[in-house]
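Below is one structure; the comments refer to it alone.
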Amino acid sequence: MTNPVKEGADKAVACRWWASVLFSEIDEKQLDLYGKGELGPLLEGLPHLIPEEDADLVEALRQDIESWKKVTSARLILATDYASLFLGHGREGPLPYASYYYSEGRRLFAKPHDDMVERLNKAGLQINAQGQEPADHLAIMVSYLALLYEESHSAAYIATFITEGILSWLPQFTKHCNNVTTEFQFYQLVLQILQAFLQKEAEEIRGA
Amino acid sequence: MITKLKNLALSFWRVMSKPATKISLGVLAFGGFLTGIVFWGGFNTAMEMTNTEQFCIGCHEMRDNVYVELQDTIHYTNRTGVRATCPDCHVPHNWSHKVARKMQASKEVFGWVFGTINTKEKFEAKRLELAQHEWARFAANNSLECRSCHNYDSMDWEKMSPAAKFYMQPASERNVGCIECHKGIAHHLPINDSGVNPILAKVEQGATSQTLEEGKQYFVVKPIAIYEDEDLTKQAGTLSYAAPVKVIEKKDDKVKLQLKGWRKDKGFGRVYHSDFGKNIRVAVMEKDPAQNPDLISVGLSQNDPATGLDWSEVTVEFWAKEGAFIPDVATLWNAAGEIYSSNCSTCHAQPDPAHFDANSWPAQFNGMVGFTSMDPSTQALVLTYLQLHSSDYAEGTH
Amino acid sequence: MTTRRDLLKGAAAGVAAGLLGPSLLTKTALAQGTVEPAADGVWKITGSHWGAIRARVDRGKVAEVVPFEDDQNPTDMYKGIHGLIYNPSRIKYPMARVDWLKNRKNSDRTQRGDNRFVRITWDQALDLFYEELERVQTEYGPWALYAGHTGWRQTGQFHSCTNHMNRAVSMHGNYVKKVADYSTGAGQTMLPYTLGSTEVYSQGTSWPLILDNAKVIVFWANDPKKNLQVGWTCETHGSMKYLDELRDKVAAGEIRVISVDPVKTKTANHVGAEHLYLNPQTDVPFMLGIAHTLYNEGLYDKDFIGTYTLGFDDFIQYVQGKADDGIEKTPEWAANICGVDADTIRAFARLMAANRTQLVYGWALQRQQHGEQPYWMAAVLASMLGQIGLPGGGISYSHHYSGVGVPTSGAAMPGAFPLNLDLGMYPEHDSENFNGASRVIPVARWVDCLLNPGEQINHNGNKVTFPDIKMCVFTGCNPFHHHQDHNRMREAFRKLETVVTVDYSWNATCRHSDLVLPACTQFERNDIDGYGAYSNSGVLAMHQLVDPLFQSKTDFEIFTELTHRFGRNKEYTRDMDEGQWLRFLYGECKKANEGKFDMPEFDQFWEEGIVRFPEGKPWVRHADFRKDPELNALGTPSGFIEITSRRIEGYGYDDCGPYPKWFEKAERSHGGPGSDKHPLWLQSCHPDQRLHSQMCESDEYRETYAVQGREPIYMSPEDAAARGIADGDVVRVFNDRGQLLAGARVSDNYPQGVVRIHEGAWYGPVDASIGALDTYGDPNTLTMDVGTSQLAQATSANTCLVEMEKFEGPLPPVTSFGGPTEV
C-alpha cells in the first residue's frame, strides 16, 4: 500500500482542483498555466487514484488540454462549454446540483441542499462571498471533500459522504454532460475522472 | 349739541390760526420737534409693542388656537433653534405696508371686542376665511415675509433631500411664492383645502383678485353657478372649466356675462359645447332655463355629418360673482397638464394630448380614469384640457 | 492529521496554486461545531397576481406558503409560488449569446433560439447594454429602438419593472412605443366608438345588484371562475363568493344562467348554467338572428333606441336585407352558419327581451379575426334590449377580470415608481426624428414591423408607417409566449441586431435574445401593492422573503447601474433607495386618503402587513347615462350610443363597416373556409393554472397538470376516437404554420371540432429551424399573425384551424425548461 499521507495529500489537491474547475470558468491566467503544463504533477498522480481501466481518461484529458493551444479563442470556447454544461440556459442543459436529481427530481434547494447546509454548519464553514451557488453545487461538495482529506476525517465518514452525498447523483449528471455537444471534451473528461475516483474511493474504504 | 361742537371747533380754529405772540419761533419749532420725537417714539413703541408675539398671544383666540399649532412645527422648534414669531410672518417688514396692515388690524380688534372667534367652534368656522386673508396677502407680495429669511439664491440644492430638491429647484426658477405650496406650514389647514393641488390653487387664487372689466373676455377658472338674476338667487346653470365669457355689465362684485356655445338638438339640449360638433363642455343649464327663450337665444340648426346630429348655436346671458375668472387661460392649462402627467403615468406612458382628437378623448379618458384618484372636478378639468390640446387643435400631430 | 508540510510532500502538490483557486469554503466566525439553532423560521406576508400569501422562511429558504387569511377563496395556484422561486429555469447570471458577443451587429442570427451562451459579469453586461443603446441611437436613431412592449410583469408598485426599464431607457433616448395590448386590442379600440369608453378595463355593476335584480345572466364566451383566479394587482378573489351565490340562486330557480360558448366552461359547470352551443367564430350571425327576431317581433325597446342611440335605422336596413349584401339576417340564415337552430334563436331573443338580462362578455371573443364585430354587435343587442344602465341589466365586458363587480371602496391606491422622466429631464439623445416612420405602432403588428419596415398600414383612422427596428429591450413580458405564429416570429427575430431581455427565468424570449440579464422574483425584494385592482380593499406590504437567488438583482438595481453609465443614476433614483421609495409611495397614498380613510404610519403598516378599507357602495354601470344622457354623455363622437358609426364609415375599411356586420373568417371550422383541410378549431384561451406564461416554469406545480410532461390539449371523445387517441397520449397538432406536441385530455366539455390548448405554454422547439416541432405545446406555434381588421389591428389568435394525430415513435424530450427531462 502506498503512503497514506501522501495519498491523502494527493486526494485533497485533486479535489481542490476539481472544485475550482467545476465552480468557474478558466480565466486567462489559468489558461496560461495549463498551456505551460503546470497541471502535469496532478495528471501524473491521477492514474493512481482511479481504477486501472479508466487510466486512458487521463491521457485523453492531457491531449484535450494540448489541443487548446491550436485555437485562438480557447478561453471563450471553454467558457461556452462551461456554460452549456453547468449554467443551465435551457434546452436540456444539465444542472450541477444534488437537489435536481433527488426524489421526484427537477427541484432546486431541496433536501440535499439542506443536508449540505447542515454539514457545513456543523463544520463551522461557510461558502465564501464569491460563491452565489447553493450548498449542493457539485463544486462546493467536492470542496468540502477536499477539506475532509486535508483534516484526515474518518474514512467511514468520507465514504458515507461520497456515496450518499455525491455518487447518488453524479453518474446521472455526468451522463447528461456526455450528451451535450461541446467544442472541447475537457469538462466531460474531468467529470468522468472524478466519478471514477469517487467510485474507487468508496469501494476501497468499504472493502478495507 | 351740534352748535356747541361747532363753536368749540371755531374757537379752536381761531387759536390755531393766529400767529403766536408770546412764545418764540425757536421754542415753538423746537417744542414741536421734541413733541414730534415723543409722539413718534410713542407711536413706534406702541406699534412695536403690538408687533410682538407677547401682544398677539395676549388674546386667547390666538394663544389657544394658532399659537398651539405653531408649536408643533419647524418654525417654532428645530435643530438650529432659529425660530419665527408671529410678526416675522404676519406683520409686513416694509414700513408703509406695516402701517397699512396695522390699520387693517383694527378689524381684528373689533373681532376681539365682539367675540367673533372667541370660542373654538367659532374659530374653526372662520378658519378658512382667516387663512384666505393671509394667503391673499402672501400671494399679493409673492411671499415677501417668508423671503426675509428664506432666499432662493441662498439655497444649497445639494444639501436638500432629493424629494425637496425635486420641487424646490423648479420653483426657484419660476420664483414661485412660498405660500403657493407651503400652506399649512405653521398652522393647521382649513379642512376644505387639504387636498387641493397647489398649482391649481395658485390659479384659483389669482382669479379671486382679478377685477373684471366690461367688454373684455375672460375664462372661468373652476365650475361656478350662474344665475338668471342680478341678485344671484335663481340658478340658471353651471359653467364648466375654461368657459370663455364676455363681460357685458358690472355691478359691484357681480357681473353680467355672455357665453356663446353650441348645443345638440336632442332631448333638453341643455349642455353647451365650445364649438360645433365638438363635445367640449362649456356650460350645463338647468332644464327650465335651457328652454327659456328670454334667457337663451338659439341660432339656426345645422347638421353634423360626422354623427348625423343637428346642432344649434346658442347665446346665453347670465349673472355671476366676480372672483373666478382669469384673462389668460394658459395658467389653468399648465396646472392641468401637470396633473395629467403625474396621475396618468403610473402604469404606462400617458398618451400625448394630440394623440387623439377632441371627440375621442372622452372615451379614452373614461376607460382609464377609474385607476386614478382624481376627484370628479379634477377629472373634468383634465379632460377639457386634453380635448382643447387634442389633434383638432394641435399643430403637426402624428 | 495531515499537516501542511505533509501536503507539500504529495506529488500532486507540485500543481500550481493558480490552478487550484482559493477554497470555496472558509471558516465562519462561529466556533467549529456550533450548529445554527433549529428555528422554525419567521412568517412574512406578501402578495402576487395569484393573491396574498403568508410564507414561512426558515434558514434563508422559503419553507411553506399559505394563502393570506383574508382571502376567502384562494386559488390553487398559490401552491406554485414556491416553485416559481426555486425552479431550474431560473436565470442565474448575466449571459450573452456567444456569436453576438464576438460579432455583435454582424453576428449570425440564423440560429437564434438554439445558440450557445456564455456567462459574463454584471459590469460587462451593463457596459454592453449601454454600448448598444449608444450605437443604435448614434448610428441609426430613435426609430431603430423598440422598448415599449407590453406585459403583465410581477406585482408591486415600486418594483414595477416596466416602469424601471422605460424610465431608464427614456433617460438615454427616445424610442418606438406601442398602443393597445394583446388582451383586448380589438375591444378597447372598438368600444369607444359605440359606448364611449374602452369598457374592457372598467368597473362593472356590483355583483350584489346583479344577483338581486337579474333574472337571466348570459355568460357569452366568458369564464369568470377560471379568470378571476388572477389579478392585475394583488388579487383578493372577492368576486368568487358571488359565483357561489349565483350557483345557489340557479339551483333555487331564481336566476337562469346561459353560457353561450362552444365549450362547457369551468364557470358553466360550477354555477350549473345552461349550455348554449354555437359553432366557433359565429357569434355575430347568431346575434344578428337575435336582432332580427327582436325587431320583427316588436320586442326591442323603441324608447331606449330613440332616446339613447343613433344610427339604428341604417343598421336595421342591413338586418332586414334592404341594404349592403341584401341578405335578410333571419334566424334561419343565422342557424346555417352558427349551428344554433332557428327556434332556439327566437326563444333566446324572446327570453332576454322578457326578463331583466345581464349580458357578460369575455375577452376571448374579440381575439379573433374581425374581433371588433362581436363586441359592437353585443352593444347593439344590449341597446335593443334597452336595459343598459339598469341594475342587473345591460352589458359588461369585464366581470371576469381582476375582481370587477366587487364595489370600489373609494380609497386611493399607492402610486408607482415613475415610468416617465421628471419635469425638466431630457434624454441624452433627444432626437425626435423617426425618419418618417411612426413612433407608436399597434402592438400586435410589431412582427409585421420587423419584417416589413417602411410599409404603411391603416390603423384606427390613421396611417402607420413601420419603423426599421434594429434593437429591442424586453422586460416584464414574454413576446415568445403571447405573439402569434412563432415560426414567422423566428424569421423576424433574425432581423434584429440586438435583443436585450431582463427576466427571471429562461423562457423562449430569453433563448432568442443576445443579452440576458437576471432579475430576481418579486419574492426577493420589498414592495407595496394595492389589494384588489377594482375593489381597492387595502394596501398590502410585500415583505422580502429571501435574498435574490444566484446573481440576480432587482430591476431597480439593474437600471440604476445602467443609468450610472451615463452619469444619471441619481436622477433616475431621485437619490432614494428602496426603503425611502416605499415610505414615499406609502406616504403619498396616505395623504391622498387623508380625511377619508385612516392609514397608520409606515412602520406600523409594515409590521401589520396590511391596511384594510371598508367595502364600497354597490354601483350600476351606465346608470348615470341612463338617468341623463345629455349631462352624462358617453364618450362617443355624438355623446350617444352609436349603433352606426359615421366616423368608422368615413375610414372606408373593407373589413370594418359602419355598423356591426358578419365577415367570413380566413379559416373557420364546422363548414367554414379551410375546415376541409384542418377540421379542428384551436381555442387558445387564458390558462386555468397559470397567469399567461407565468408559473409554467414552476416544475412542481406544472407536474400537477402536464400530460407526459407536455401541455394538455383538451378534445372531445368523438375527435379522440376518430383518430385513435386515448386520454394521456402524446399528440402532434399541426397546420401549415407549425407543429407541436401536446398531451391529450379527452373530455365531454368539448364538442366535436373544438380543441383547446391554454396560452402561456412555454415554447420549446427541437432546434432553431423555421418549422421546428415544439416539444411542449405552445398554441401560438400554430396561430395566425394577422390584424383583426384595419380598425384595431389587434391579435387574431382564435382564428385558427388545426389537425392532430397520435404521435408515434421516440418522444423528443421537452426542451422548454431548465435541466434535462430524464432524471
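Proteins get letters first, then strands, A, B, ... in listed order; numbering begins at 1 in each. Hydrogens, waters and symmetry mates play no part in the numbers below; they use all other heavy atoms, side chains included.
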Checklist line | Which atoms of C/I91 approach chain A - backbone, side chain, both or neither, heavy atom under 4.5 Å | finding: neither
Checklist line | Toward chain C, the part of A/T181 with a non-hydrogen atom under 4.5 Å | finding: backbone
Notebook entry, point to check: At their closest point, which heavy atom of A/E133 faces which heavy atom of C/F550, and how far apart are they?
Noted result: OE1-CE2, 3.4 Å
Checklist line | C/K61 side chain vs A/F109 backbone, donor-acceptor pair below 3.5 Å | finding: yes
Note to self: Counting heavy-atom pairs closer than 4.5 Å to chain A, which one of C/L549, C/V118, C/I85 comes out on top?
What the structure shows: C/V118
Item checked: Heavy-atom proximity to chain C below 4.5 Å, by part of A/A139 -> both
Next item on the list: Using non-hydrogen atoms and a 4.5 Å limit, figure out which bit of A/S24 sits close to chain C: side chain, backbone, both or neither.
Entry: both
Note to self: Between A/R107 and C/E703, is the salt bridge (charged side-chain N to carboxylate O under 4.0 Å, His left out) condition met? List the steps.
What the structure shows: CA-CA 12 Å; A/R107 304 280 182 269; C/E703 283 161 19; 3.0 Å; yes
Checklist line | Heavy atoms of other groups near A/K70 NZ, more than 12 under 6.0 Å | finding: no
Notebook entry, point to check: How about C/P88 and A/Y97: do any of their side-chain heavy atoms sit closer than 4.5 Å?
Noted result: no
Next item on the list: Answer with side chain, backbone, both or neither: which region of A/L46 has an atom nearer than 4.5 Å to a non-hydrogen atom of chain C?
Entry: neither
Check: Under a 4.5 Å heavy-atom cut-off, does chain A meet the side chain of C/L101, its backbone, both or neither?
Finding: side chain
Notebook entry, point to check: Can you tell if the side chain of C/R511 reaches within under 4.5 Å of the side chain of A/H89, non-hydrogen atoms only?
Noted result: no
Note to self: Need one label for A/Y144: side chain, backbone, both or neither, based on atoms under 4.5 Å from any heavy atom in chain C.
What the structure shows: both
Notebook entry, point to check: Checking heavy atoms, do the side chain of A/H113, its backbone, both or neither come under 4.5 Å from chain C?
Noted result: side chain
Notebook entry, point to check: Given a strict heavy-atom distance threshold of 4.5 Å, which part of C/R97 is in contact with chain A: side chain, backbone, both, or neither?
Noted result: neither
Notebook entry, point to check: Just wondering, do C/L25 and A/L147 contact through their side chains at under 4.5 Å, heavy atoms?
Noted result: yes
Item checked: Under 4.5 Å from a heavy atom of chain C, the part of A/Q30 involved -> both
Check: At their closest point, which heavy atom of A/Y100 faces which heavy atom of C/G818, and how far apart are they?
Finding: OH-O, 3.6 Å
Check: At a heavy-atom separation under 4.5 Å, does C/Y86 approach chain A through its side chain, its backbone, both, or neither?
Finding: both
Checklist line | Approximate separation, where rounding is to 0.5 Å, of C/K102 NZ and A/T80 OG1 | finding: 7.0 Å
Check: If we only count heavy atoms from C-beta on, is the C/K92 to A/L95 side-chain gap below 4.5 Å?
Finding: yes
Checklist line | Among A/L43, A/D81, A/I26, A/N179, residue most engaged with chain C (heavy-atom pairs, under 4.5 Å) | finding: A/D81
Notebook entry, point to check: Would you say the side chain of C/N87 lies within less than 4.5 Å of the side chain of A/L108, judging by non-hydrogen atoms?
Noted result: no
